[in-house]
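Everything below concerns the one structure shown next.
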Number of protein chains: 2
Amino acid sequence: MSGFKRVEPIRIPVPQLNQHHRHVLIRKLDRLIPLAEIDASALANLSVGMRQVGPRTDLLHEGDTPDEVILMLDGFAARCKFQPTGKRQILAHLLPGDLCEPDAGYLSRLDFSVCTLSACMVAFISRRALASTLERYPATAHALRLVKLQEEAISREWLVNVGCRSALERMAHLLCELLVRLQAVGFATRDGYGLPITQQDLGDTLGLSNVHVNRTLKVMRDQNLVEWRGRQLKILDLSRLQVIAAFKLGYLHSTAGHDILAQ
Amino acid sequence: MSGFKRVEPIRIPVPQLNQHHRHVLIRKLDRLIPLAEIDASALANLSVGMRQVGPRTDLLHEGDTPDEVILMLDGFAARCKFQPTGKRQILAHLLPGDLCEPDAGYLSRLDFSVCTLSACMVAFISRRALASTLERYPATAHALRLVKLQEEAISREWLVNVGCRSALERMAHLLCELLVRLQAVGFATRDGYGLPITQQDLGDTLGLSNVHVNRTLKVMRDQNLVEWRGRQLKILDLSRLQVIAAFKLGYLHSTAGHDILAQ
DNA sequence: CGGAGCGTTGAGCGAAGTCAAGATGTGTGG
DNA sequence: CCACACATCTTGACTTCGCTCAACGCTCCG
């Protein structure tokens, strides 16, 4: 609940994104709306520096007005808000391929923090460079607008999650969502993915206590729905998980997952 | 819970917005970021038709791809999502001066509905006309981007509400938020406003049952925090309400309320 | 005058929270 | 490679907040 470290990210400068990593974002956009080669290489040419960041580290602080956009390359991070009581609410998960605060107005201050949940590989892109790329490549700009729409749809779904659904339903819904999102960037197999976060993190995401998260996971385990060991989540019965969650793929506006998830 | 009417809005065409009503949006934007006369009159000249709509009526349906933007002139409406179980989650309140789905991509379908909570006066603005106005008047476009940021901040706060706060805290927070938002468009006095919605609506907003909303209101009444009779909400002890809610004005990025609410 | 919708209140229940203790796992330094 | 410390997970016992069901009152409106 409380006691999250507020440490400055350890920035280990790395000269340039390599092929593999730069493709995380491109792959994601291309999957959403096919990207011309010219747009893909414009994105690839954005001069950025990679950095390795430890878990439970603040990437952006509430009150900041960041002048860099963060691109997630590996690992899990989250937008979060802390309450005076010490409680934390996670507002969104930032997965590989996600851009963090591309449209945080230059004027406005952040009313939330961004912190890593696991160890992460991130890239810091100059806000100015990104803006000018988007001006010159409208198709890319359009793709990012779609990403934004998708993010908004996800946060709507999260509100429904905590507002209307039981613990089991919430958990099932989140696990389905993560499967689809991670598949879209090639970070998930057909039936599982790396989930390098704590049960506490899950609780702060779903509005549940860590203890109840644990019990809910036990139910899922006992019902042969999922298996989660050594940071690897394996989904044993996706269709039943989907039914429990009332998970509709449509809201993600994604072409990922269509092959394995029933509409 | 269930049983919401899905009726087509009764559209009573009215030739043109009159001075009073067209000022709702302009007043709101001007309060956020001072608007030049040329921008104000561009907005005022958007040709629109007013319509009176009854309570519990769908303005937009899940799955629609609307080609008109709705401007709220009077009354309360809401974005909502319905669950297979019949439960409803309200995602946002639409108050006078609010534009409804100005950036629903032409491509995407709505994954939620928009329905009136009270009787409303609304205007339907052609999406094309609005877009062209925004192209020609960048200051207005900028103001709408700020509105968008504000809406996002509100929905983040709502997630915190249902995820972290007790019933009393949630309710207090919502009542504070509505006070500030309604003041920004001149629909609230210093200590109260018209709140023409049902306790069920409040419950669907806050993730509470209607019965528990009622009990929570009783507590507030007994503690001389608020009084709510005949659709008029009167706030008796704003500062205590604010403390209970841990309500911070900052997140609204608004200049309204600064005179009466402590930062 | 009757009905419908909304508000109010009580009683009982159940889901999730809290507290606490022990088990398991992981990373670090010697 | 081991030992130790610390974080995380797991489970039990108990509490509590909010839900459900149900009855009744009020108010508005036809």
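Just so it is clear, the values below take in all heavy atoms, side chains as well, and ignore hydrogens, waters and symmetry mates.
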Legend entry - Trace of the salt bridge (charged side-chain N to carboxylate O under 4.0 Å, His left out) decision for B/Asp98 with B/Arg181: CA-CA 10 Å; B/Asp98 284 350; B/Arg181 289 177 65 190; 2.9 Å; yes
Rounded to the nearest Å, what distance is computed from the [atom1] atom of residue [X] to the [atom2] atom of nucleotide [N]?
X	N	atom1	atom2	result
A/Met171	C/dA16	CE	P	11 Å
A/Asp201	D/dC9	CG	C1'	13 Å
A/His212	D/dT8	NE2	P	21 Å
B/Gln200	C/dG7	CD	P	9 Å
B/Asn210	D/dC21	CG	P	12 Å

Legend entry - Nucleic acid contacts - residues 159-170 of chain B versus DNA chain C, non-hydrogen atoms under 4.0 Å: none
Legend entry - Proximity to DNA chain C (any heavy atom under 4.0 Å), residues of residues 218-237 of chain B only: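 Output list: B/Lys218, B/Arg221.
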Consider only side-chain N and O atoms of [X] and [Y], and report whether a donor and an acceptor are under 3.5 Å apart.
X	Y	value
B/Asn214	B/Thr216	no
A/Glu157	A/Asn161	no
B/His61	B/Asp64	no

Inset, instruction - By nearest nucleotide on DNA chain C, pick out whichever of A/Val211 and B/Leu217 is the more 5' one. - result: B/Leu217
Inset, instruction - Give me the one residue out of A/Val185, A/Val24, A/Leu178, A/Asp74 that meets side chain to side chain contact (heavy atoms under 4.5 Å, CB included) with A/Leu95. - result: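 Of the listed options, the one satisfying the test is A/Leu178.
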Among [options], find the nucleotide with the atom closest to the side chain of [X].
X	options	value
B/Arg56	C/dA16, C/dA20, C/dC6	C/dC6
A/Ser209	D/dT20, C/dT18, D/dC9	C/dT18
B/Leu208	C/dG17, C/dG7, D/dC19	D/dC19

Legend entry - Identified salt bridge (charged side-chain N to carboxylate O under 4.0 Å, His left out) counterpart of B/Asp204 within the set B/Lys87, B/Arg79, B/Arg88: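 For B/Asp204, the salt bridge (charged side-chain N to carboxylate O under 4.0 Å, His left out) check succeeds only for B/Arg88.
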Legend entry - Side chains of A/Phe247 and A/Val180 in contact at under 4.5 Å (non-hydrogen atoms):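 Of all side-chain heavy-atom pairs linking A/Val180 with A/Phe247, at least one is under 4.5 Å.
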Inset, instruction - Answer yes or no: side-chain N or O of B/Arg215 and base N or O of C/dG10 forming a donor-acceptor pair under 3.5 Å. - result: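 Between C/dG10 and B/Arg215, which were checked side chain against base, a qualifying N/O pair under 3.5 Å is present.
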Inset, instruction - Please determine if a side-chain N or O atom of B/Gln199 lies less than 4.0 Å away from the OP1 or OP2 oxygen of C/dG5. - result: no
Inset, instruction - Check whether any side-chain nitrogen or oxygen of A/Asn214 sits under 4.0 Å from OP1 or OP2 of D/dT10, and answer yes or no. - result: yes
Inset, instruction - Take atom CZ of B/Arg231 as the centre, draw a 6.0 Å sphere, and report whether it contains more than 12 heavy atoms from other residues, nucleotides or ligands. - result: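 Incorrect, the count does not exceed 12.
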Legend entry - Inter-residue atom distance B/Ile235.CD1 - B/Asp237.CG, 0.5 Å rounding: 10.0 Å
